[in-house]
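I have placed the structure first, in the form of structure tokens, so that the comments after it can refer back to it.
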Amino acid sequence: MSEAESPDRTTRSGVQVTVDDVRELMGASTPHFALQLRNRIAKLVRGLPADHPARVLGEQEIERLTRLGFSGETRGTQRETGIDPLASVSESV
């Protein structure tokens with residue numbers, strides 16, 4: 001995963017960023033790529049007004065990706081019997 005942006009997204013002169021552009025980057029994000037995706041979304045929404053729908057969604061996703069990138073993910077619910085946290089994010093590792 002690169003932080004380089006898609007040429008289709010960066011060469012659309014005069015076309016404003018949309019919520020769909022943000023959602024396209026959100027995709028199926030994983031802990032491994034969360035911080036790169038966070039940076040790409042931050043660059044995408046940087047110049048938008050604070051109340052723009054794409055920026056609002058982008059900032060929410062930036063927070064989620066930051067948490068995901070630093071804390072990882074778990075399978076099942078926290079107290080689900082028989083399903084342990086993924087080894088890569090276990091506190092004992």
Side-chain angles (χ1 to χ4, degrees):
M1 168 77 49
S2 169
E3 289 186 29
E5 199 49 72
S6 166
D8 293 342
R9 192 174 289 115
T10 57
T11 59
R12 300 182 312 174
S13 65
V15 177
Q16 194 172 59
V17 175
T18 67
V19 170
D20 286 336
D21 291 326
V22 175
R23 286 185 180 140
E24 186 177 313
L25 288 176
M26 290 165 56
S29 49
T30 64
H32 186 76
F33 296 118
L35 300 180
Q36 290 95 332
L37 289 170
R38 174 199 64 181
N39 293 345
R40 289 177 67 187
I41 291 172
K43 287 178 190 177
L44 185 66
V45 302
R46 179 179 18 221
L48 299 175
D51 62 343
H52 190 285
R55 181 160 183 175
V56 171
L57 179 62
E59 289 175 350
Q60 291 170 354
E61 186 63 8
I62 288 166
E63 289 178 27
R64 186 187 74 81
L65 290 167
T66 300
R67 286 191 310 274
L68 181 63
F70 288 107
S71 65
E73 63 185 352
T74 57
R75 296 177 290 178
T77 60
Q78 291 287 52
R79 302 197 192 285
E80 192 171 341
T81 306
I83 300 181
D84 299 322
L86 296 172
S88 63
V89 296
S90 174
E91 291 181 19
S92 63
V93 173

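Numbers here are sequence positions counted from 1.
By the side-chain hydrogen bond (donor to acceptor under 3.5 Å, both in side chains) test, H32 is found to be paired with no residue, residues two or more places apart in sequence or in another chain being considered. Every side-chain hydrogen bond (donor to acceptor under 3.5 Å, both in side chains) that E59 has, sequence neighbours left out, goes to R55. With sequence neighbours excluded, the residues forming a side-chain hydrogen bond (donor to acceptor under 3.5 Å, both in side chains) with R64 are S29, E61, listed by chain and number.
Of the possible polar contacts, none joining the N39 side chain to the Q36 backbone as a donor-acceptor pair under 3.5 Å is found.
A pairwise comparison of heavy atoms in I62 and I41 identifies CG1-CG2, 4.0 Å as the closest pair. Minimum interatomic distance between A54 and V45 (heavy atoms only, all atoms of both residues): O-CG1, 3.6 Å.
Each of V56 and L25 belongs to its own hydrophobic cluster when Ile, Leu, Val, Met, Phe, Trp and Tyr are linked at side-chain heavy-atom distances under 4.5 angstrom.
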Kindly determine whether D20 and E24 satisfy side chain to side chain contact (heavy atoms under 4.5 Å, CB included), including the steps that lead there.
CA-CA 6 Å; D20 286 336; E24 186 177 313; over 6 Å; no

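The distance from the OG1 atom of T30 to the CG atom of L37 is 7.5 Å, given to the nearest 0.5 Å. From L35, atom CG reaches atom OG1 of T66 across 6.5 Å, with rounding to the nearest 0.5 Å.
A heavy-atom distance below 4.5 Å is not found between the side chains of M26 and L65.
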